[in-house]
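All heavy atoms count here, side chains included; hydrogens, waters and symmetry mates do not. Per chain, numbering begins at 1; letters A, B, ... match sequence-line order.
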2 protein chains.
Amino acid sequence: MERYSSRGAAAQNAPAEAGLHARVLEDLGTAICGGELAPGAILNIDELVERYAVSRSVVREVLRVLASMGFIETRRRVGVMIRTPDAWNVFDPQVIRWRLASAGRIAQIRSITELRTAVEPHAAWLAAARVGHDEASELVGLAAKMWAAGKAGDEERFLRLDIEFHRRVLAASGNEMFVKLQDLVAEVLSGRHHYHLMPHHPHEQALQLHADVAQAIQRRDGDRARSAMVQIMEQAFDEMTAIWEQAGTPAP
Amino acid sequence: MERYSSRGAAAQNAPAEAGLHARVLEDLGTAICGGELAPGAILNIDELVERYAVSRSVVREVLRVLASMGFIETRRRVGVMIRTPDAWNVFDPQVIRWRLASAGRIAQIRSITELRTAVEPHAAWLAAARVGHDEASELVGLAAKMWAAGKAGDEERFLRLDIEFHRRVLAASGNEMFVKLQDLVAEVLSGRHHYHLMPHHPHEQALQLHADVAQAIQRRDGDRARSAMVQIMEQAFDEMTAIWEQAGTPAP
DNA sequence: CCTCTTGAATAAGTCTGCTTTTTCGGCCTA
DNA sequence: TAGGCCGAAAAAGCAGACTTATTCAAGAGG
C-alpha cells in the first residue's frame with residue numbers, strides 16, 4: 001500500500017488488524033490534515049484504488065466519510081476535490097486526533113484550550129444550580145483525592161483525577177454538549193502526553209481552587225464556582241502558553 | 001422506498017434530486033435521532049437493502065457515515081447496532097439538523113444556547129486583543145446598521161445583521177473552532193425560524209449593547225467587550241427560556 | 001466572430017454476484 | 001463445569017458491468 005501521509009505519526013491508530021477501511025481513512029485523513037494533499041487538489045477513485053491496492057467499495061466508503069467531515073467534495077465528471085480547512089468539521093474527535101498528529105498541532109491545542117477556558121467556568125456556574133446531592137458529594141471527594149495526590153507528588157494519578165474532576169463538573173452542568181467537549185479536551189491532553197508536550201506540575205494554588213469549585217457547587221454558590229474555575233482556567237492557559245512559546249519543537 | 005422516519009419534517013433536506021445515498025442517510029439519521037430506531041436495536045444490511053430498495057453499496061456507504069457520527073456500530077456475525085445518544089457526535093452540523101427536526105428540538109436549542117452563552121463573551125474578550133483595524137471598523141459599522149434596522153423595525157434585516165455581527169466577532173477572536181460554532185448557532189436560529197419558534201423583538205438595550213461590544217473591541221478594551229457580550233447573552237438566553245417554557249408545542 | 005446546440009468522453013453513482021474473514025453460539029469432551 | 005472445536009451467520013471486501021450527470025469542444029447557425 002502506497003501512502004500519501006509521510007509515514008510519521010500517522011496510521012498508528014489504525015494498525016494492521018483494523019481493516020482496510022480504517023487504514024485508508026486514517027492515511028487520507030492525516031494526509032489532508034497534514035497538508036500533503038492541499039486544498040484544491042483533485043483525485044479520482046481509480047487512482048486511489050490503485051494507490052492503496054484496495055477495491056472500489058473500500059475507497060468509496062472512505063470518501064463518503066471524508067465528505068461528511070467536510071474534507072472533500074465529489075463531483076461527476078471532475079473527481080474528488082480536497083476542500084479548504086474552513087469547511088472541516090473541527091469538532092469531530094477524529095479530526096482533532098489527525099490535527100494533533102499534524103504540524104498544526106499547536107494551533108489545535110490552543111483552540112481547544114481557549115474553548116474550554118470559555119466553557120468550563122459557565123459549566124461550573126450551571127452545575128451549581130443543577131447538581132444532585134450525590135454528584136456534589138462525589139465532586140468534593142474527588143477534589144480531596146486530587147489534593148492528596150498533588151501533595152504526594154503522584155503526577156500520573158493527579159492527571160487522571162484532574163480529567164475526571166472536570167468531566168464530572170461538565171456532566172453536572174446538565175448540558176450534553178459540554179460533556180462531549182470533555183472528550184475533545186481529553187484527546188488534547190492525551191495527545192499532549194503522546195507528543196511529549198507535558199508540563200503539569202500541580203501548583204499549591206490549583207489544588208485549593210479545585211476544592212473551592214467543588215465546595216461552591218455543593219453549596220449552590222454559582223458565582224463562586226465560576227470565579228474559582230476561571231482561575232483554574234487561567235492557570236491551565238498559562239501552562240499551554242508556556243508550551244507553544246517553546247514551539248517549533250518538531251516532536252516525533 | 002419504505003421509511004423508518006415517520007415522514008414528518010424528515011427527508012425535506014434531501015429531496016428527489018439528491019441521490020440515493022443522501023436520501024437513505026437522511027432517513028436513517030432522522031429515524032435514529034427521533035428515536036424510531038431505539039438504542040440497542042439491531043439491523044442488518046440485507047434488511048436495509050430491501051427496505052429502501054437500493055443496492056448494498058449505497059447502504060454500506062451510509063452505514064460507514066453513520067458509524068463515523070457515533071450513531072451505529074457494526075459487528076460481524078451480529079449486524080448493525082444503534083448506539084446510545086451519549087456516543088453521538090453532537091457537534092456535527094448534520095446531527096444538529098436532525099435533532100432540530102426531532103422531538104428533542106428544545107433540548108438541542110437549549111444546549112447550543114448555553115454553549116454560545118459561555119463562548120461568545122470570551123470570544124469578544126479575545127477579539128479585543130487580536131482584531132485588525134479594518135475588522136474592528138467594520139464591526140462598528142455593522143453595529144450601526146443593526147441599530148438603524150432595529151429602530152426602523154425591520155426584523156428580517158435585523159436578524160441577518162445580528163447573525164453577521166456575531167459571526168464577525170467570533171471570526172475576530174482568531175479561533176477557528178469559535179468560527180465553526182457560529183455555523184451551529186446559525187443552524188439553530190434558522191431551525192428556530194423553520195419550526196416557528198421565533199421571538200426576537202429587539203430591545204432598545206440590545207441595540208446599545210451591540211454597539212458597546214463593537215466599540216470596546218475597537219478600543220481594545222477586552223473586559224468591557226466581554227461584559228457587554230455577557231449582557232447580550234443574558235437577553236438571548238431569556239428569549240430562549242421564554243420559548244421552551246411555552247414548550248410542549250408539537251410544531252410541524 | 002460570437003452564440004447556441006449537440007454529442008461524445010469522462011468520472012462518479014449504482015447494481016450484482018461472488019469470496020473471505022470474523023465471531024457467535026452450541027456441542028462435545030475431559 | 002471449563003475449555004476447546006466446529007459450523008453457520010453476517011459483515012468485509014473484491015471484481016466488473018451498467019447508468020447517469022457533467023463538462024468541454026466541435027460544428028451549425030446567426
Would you kindly give the [atom1]-to-[atom2] distance between [X] and [N], to the nearest whole Å?
| X | N | atom1 | atom2 | value |
| --- | --- | --- | --- | --- |
| B/I45 | C/dC15 | CD1 | P | 14 Å |
| A/I72 | C/dA12 | CD1 | P | 10 Å |
| B/Y52 | C/dC15 | OH | P | 14 Å |
| A/N44 | C/dG13 | CG | C1' | 14 Å |
| B/D46 | C/dG17 | CG | C1' | 13 Å |
| A/E50 | C/dA11 | CD | P | 13 Å |
| B/M81 | C/dT23 | CE | C1' | 14 Å |
| B/E73 | D/dA11 | CD | P | 14 Å |

(Q) At less than 4.0 Å, is any side-chain N or O atom of A/T74 found next to OP1 or OP2 of C/dG13? Yes or no. (A)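 Result: yes.
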Q. Within the structure, does a side-chain N or O atom of B/R75 lie under 4.0 Å from either OP1 or OP2 of C/dC24?
A.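 Yes, B/R75 has a side-chain N/O under 4.0 Å of OP1/OP2 on C/dC24.
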Q: Would you confirm whether B/D92, through its side chain, and A/D92, through its main-chain N or O, come within 3.5 Å as a donor-acceptor pair?
A: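 No: the side chain of B/D92 does not pair with the backbone of A/D92.
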Is a salt bridge present between [X] and [Y], judged by a nitrogen-to-oxygen distance below 4.0 Å?
| X | Y | result |
| --- | --- | --- |
| B/R110 | B/E114 | yes |
| B/E164 | B/K145 | no |
| A/D183 | A/R167 | yes |

Q. Has the side chain of A/R77 got a donor or acceptor atom sitting under 3.5 Å from an opposite partner on the base of D/dT23?
A.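 Between D/dT23 and A/R77, which were checked side chain against base, a qualifying N/O pair under 3.5 Å is present.
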Q: Look up atom CD in B/E26 and atom CZ in B/R97, then write down how far apart they are to the nearest 0.5 Å.
A: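 The CZ atom of B/R97 is 8.5 Å from CD of B/E26, to the nearest 0.5 Å.
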Q. In terms of side-chain heavy atoms of B/R76, which of C/dA12, C/dC15, D/dA11 is nearest?
A.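 Looking only at heavy atoms from C-beta outward on B/R76, the closest nucleotide is D/dA11.
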**Q.** Closest listed nucleotide, where the reference is the side chain of A/H21 and the choices are D/dG13, C/dA12, D/dA12
**A.**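 Within the option list, the nearest is D/dG13.
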**Q.** Nucleic acid contacts of residues 55-66 of chain A, taken as heavy-atom distances under 4.0 Å to DNA chain D
**A.**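 Heavy-atom cutoff 4.0 Å gives A/S55, A/S57, A/V58.
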Q: Test side chain to side chain donor-acceptor pair (under 3.5 Å) on A/Y52 and A/R23 and set out the steps.
A: CA-CA 10 Å; A/Y52 291 106; A/R23 271 181 283 171; over 6 Å; no
Q) So do A/V185 and A/I163 actually touch side chain to side chain, heavy atoms under 4.5 Å? A)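 No, their side chains stay 4.5 Å or more apart.
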